[in-house]
Amino acid sequence: MKEFSSLKGFKDLLPGESERWEWVESIARTTFRAFGFSLIRTPILERTALFTRSIGETSDIVEKEMYTFKDWNGGNITLRPEGTASVVRAYLEKTSHTPILPAKFYYSGPMFRHERPQAGRLRQFHQLGAEIIGEIDPRQDVELLSLLHTFFKRLGVEGLTLELNSLGCPVCRPAYRTSLKTYLEEHLPTLCEDCQRRFMANPLRILDCKKKECRVITKKAPPPLDYLCQECSDHFKSVQKGLRKLNISFVIRPHLVRGLDYYTKTAFEITTTALGAQNAVAAGGRYDGLVAALGGPATPAIGFAIGMERLMQLVPPSPFQNLPLHLFLIPLGKMAGEYLFPVLYALRRKELRCEMGKENASLKSQMKRADRLGARFVLIVGEDEIDRGTTVLRDMATKEQINIEFTELTETILSNVGLRD
RNA sequence: GUGGGUGUAGCUCAAUGGUAGAGCACUGGUCUGUGGCUCCAGCGGUUGAGGGUUCGAGUCCCUUCACUCACCCCA
């Protein structure tokens, strides 16, 4: 058994839990559609270059977390570690000719990163994301955030905080970067080892370091907001104004940065205090440079991704867990079994959830089984019934039993049981 | 990759170094064709694995594996 156990960080989604996922996914579909997004499904495997180019050569994901293999023809392929790169690739490859901009996609599916598993972090995990490609208007930022807001509200998830920041753009970021490095350089020896390494590769990420010694220093570091160019500054103000108008609360977190290289301007995270260390339930931002970086025309875009496993921990129990049976058929003896089996088939074709017991098992044990499966009704057929040409339908809750003639069995059952969920 | 914690029945957990147990679950009976509740019985284990100390190890020591939390990273 053990030699076939599932891989570390790879989990089965089992009945009892899967019903909740289906429920969340159904809310997602109606909500995302209402906001004008269409489903896109991209392959799980992509060329490795797609991710190294989009996420960034020096990001941790690309450096040490990707599942990368050689394809049969020798090319490098990678199990996708995130969704945005593939969506942009598909947009450029297949749909950029349709001139209705912005293009609005949503996706849902597994992502893969080889990390050490812990609470809210798996090697195969699932993201639900949305992307708006081809529009720079700050209203798009607000739209996207209002979609997130609505979605979480419909799921009944409470206690979330929307954290907001702006990371600037290629016009203003270089100046900021220089100024930040100048500040950090003085304190370089007191920074943690990781941050000393980041100083060269990705100094912005030092702002996000949780270590005490670094926080003392970064607390007084200049935030990106102080260096925004006119355009970025106006954009950020418009986003905030838009959110206030929709009554969506948020906090500015000047030191919020993103781990992926492609982000510009608006960056955000939705956090909770209920998940321990992995406190980001959703995150995203603008990536106005990514489409061009992947070989397309300069095209602004914005998107987010929700961590499904993390979200599921916050979703209150839904009424859809463990779907109960409409009807359980109890045959007593071989004759009854042969009679009821086609009836089972006929009722299932009418979309009734039903199961049938074993004909040689006792009535008592079959009743017990019906009870455990949550059956609302039970249909009993034994020798007596076959002699009389009738069956017994029992309401499990009220214990009322009625006799039904063989000839009108299906119709009567359907009208009694109904198709209520 | 680095630390900490935990591994005993299907599940949740007991057992001063001295015969491996309880509750829940499961099967059956109590009730020979009527579920949940009660009571009774039954089923169930190489104590994660390997080695060592000891008359004797679930318990102490070493190794290893798994799970888990945190660092890291990120959704």
Side-chain angles (χ1 to χ4, degrees), chain A residues 1-3 5-9 11 55 58-66 80-84 107-129 148 192-195 197-198 202 205 208-212 214 256-260 263 268-272 275-285 303-314 325 328 330-333 336 357 361-386 392-401:
Chain A
M1 252 336 255
K2 212 170 177 184
E3 55 182 318
S5 64
S6 66
L7 292 168
K8 186 200 277 285
K11 282 253 160 56
I55 300 171
T58 60
S59 73
D60 287 84
I61 293 176
V62 168
E63 276 188 338
K64 49 192 185 196
E65 293 178 1
M66 295 205 304
R80 65 181 183 194
E82 60 104 37
T84 302
Y107 62 86
S108 171
M111 309 292 164
F112 304 84
R113 293 180 199 173
H114 188 100
E115 301 178 275
R116 192 84 164 254
Q118 75 184 68
R121 195 177 77 183
L122 294 167
R123 289 183 176 176
Q124 176 177 334
F125 61 104
H126 296 78
Q127 286 189 335
L128 176 60
L148 266 174
C192 74
E193 258 181 61
D194 290 319
C195 285
R197 191 170 44 79
R198 287 180 187 131
N202 195 352
R205 283 234 44 236
D208 208 29
C209 188
K210 288 176 200 154
K211 293 236 165 64
K212 269 182 247 134
C214 298
L256 185 148
V257 297
R258 311 268 64 226
L260 283 56
Y263 286 108
F268 55 86
E269 268 179 27
I270 295 194
T271 59
T272 171
L275 287 183
Q278 313 301 322
N279 64 347
V281 183
F304 67 74
I306 301 168
M308 277 295 281
E309 282 81 0
R310 293 179 189 180
L311 174 60
M312 291 314 297
Q313 292 190 298
L314 304 177
L325 238 43
F328 189 83
I330 298 185
L332 299 169
S362 70
L363 174 57
K364 183 187 170 67
S365 68
Q366 294 199 63
M367 283 296 290
K368 214 167 174 179
R369 186 173 165 80
D371 187 48
R372 275 189 321 196
L373 291 171
R376 269 195 280 268
F377 289 87
V378 149
L379 187 74
I380 303 166
V381 175
E383 282 172 27
D384 299 351
E385 285 74 21
I386 289 184
V392 174
L393 183 70
R394 177 184 176 88
D395 184 320
M396 290 295 270
T398 65
K399 295 185 176 187
E400 280 173 52
Q401 299 195 168

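Worth knowing before you read on, the calculation uses all heavy atoms, side chains too, and leaves out hydrogens, waters and symmetry mates. Numbered from 1 within each chain, the chains take letters A, B, ... in sequence-line order.
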What's the CZ-C1' distance between Phe268(A) and rC74(B), to the nearest Å?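 In whole Å, rC74(B) C1' and Phe268(A) CZ are 15 Å from each other.
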
Can you measure Phe304(A) atom CZ to rA75(B) atom C1' for me and round it to whole angstrom units?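 For the pair Phe304(A) CZ and rA75(B) C1', the rounded distance is 12 Å.
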
Same-atom distance ([atom1]) from [N] to [M], integer angstrom:
{"N": "rG33(B)", "M": "rA41(B)", "atom1": "P", "answer": "23 Å"}
{"N": "rA9(B)", "M": "rA15(B)", "atom1": "P", "answer": "15 Å"}
{"N": "rU19(B)", "M": "rC55(B)", "atom1": "C1'", "answer": "16 Å"}
{"N": "rC65(B)", "M": "rU27(B)", "atom1": "P", "answer": "39 Å"}
{"N": "rU63(B)", "M": "rU53(B)", "atom1": "C1'", "answer": "15 Å"}

Look at the side chain of [X] and the backbone N and O of [Y], then say whether any donor-acceptor pair between them is shorter than 3.5 Å.
{"X": "Arg113(A)", "Y": "Arg80(A)", "result": "no"}
{"X": "Glu82(A)", "Y": "Thr84(A)", "result": "yes"}
{"X": "Glu309(A)", "Y": "His126(A)", "result": "yes"}

Taking a pair as Watson-Crick (N1 to N3 plus N6-O4 or O6-N4) or G-U wobble (N1-O2 and O6-N3), both under 3.5 Å, which stems of 3 or more consecutive pairs involve RNA chain B?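 B:1-7 with B:65-71, B:10-13 with B:21-24, B:26-29 with B:39-42, B:48-52 with B:60-64 - these are the stems of 3 or more pairs that involve RNA chain B.
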
Within a strict 4.5 Å, meaning less than it, do heavy atoms of the Ile61(A) and Pro81(A) side chains meet?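 Ile61(A) vs Pro81(A): side chains touch.
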
Give every pair of a protein N or O atom and an N or O atom of nucleotides 67-72 of chain B that lie under 3.5 Å apart, one pair per line with the distance.
residue : atom : partner   : partner atom : Å
rC67(B) : OP2  : Lys8(A)   : NZ           : 2.9
rU68(B) : OP1  : Lys11(A)  : NZ           : 3.4
rC69(B) : OP2  : Ala119(A) : N            : 3.1
rA70(B) : OP1  : Ala277(A) : N            : 3.3
rA70(B) : OP2  : Gln118(A) : NE2          : 3.2
rC71(B) : N4   : Arg121(A) : NH2          : 3.4
rC72(B) : O3'  : Arg198(A) : NH2          : 3.1
rC72(B) : N3   : Arg121(A) : NH1          : 2.5
rC72(B) : N4   : Gln118(A) : OE1          : 3.2
rC72(B) : N4   : Arg121(A) : NH1          : 2.6
rC72(B) : N4   : Gln278(A) : NE2          : 3.4

Got a sec, which residues hit side chain to side chain contact (heavy atoms under 4.5 Å, CB included) with Ala361(A), two or more places apart in sequence or on another chain?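 By the side chain to side chain contact (heavy atoms under 4.5 Å, CB included) rule, Ala361(A) matches Lys358(A), Ser365(A), Gln366(A).
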
RNA chain B: His114(A) or His126(A), which has the more 5' nearest nucleotide?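 On the 5' side of the pair lies His114(A).
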
Could you tell me which residues satisfy side chain to side chain donor-acceptor pair (under 3.5 Å) with Arg310(A), sequence neighbours excluded, listed by chain and number?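 Listed in chain order: Gln278(A).
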
Arg123(A): salt bridge (Lys or Arg N to Asp or Glu O under 4.0 Å) partners, not counting sequence neighbours: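 So Arg123(A) forms no salt bridge (Lys or Arg N to Asp or Glu O under 4.0 Å) with any residue.
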
Expected string for nucleotides 24-39 of chain B under the B/S/- scheme (protein heavy atoms, under 4.0 Å, primed atoms plus P, OP1, OP2 as sugar-phosphate) is --SS--B--BBBB---

Tell me if the CD atom of Gln401(A) is crowded by more than 12 foreign heavy atoms within 6.0 Å.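 It does: Gln401(A) CD has more than 12 such atoms within range.
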
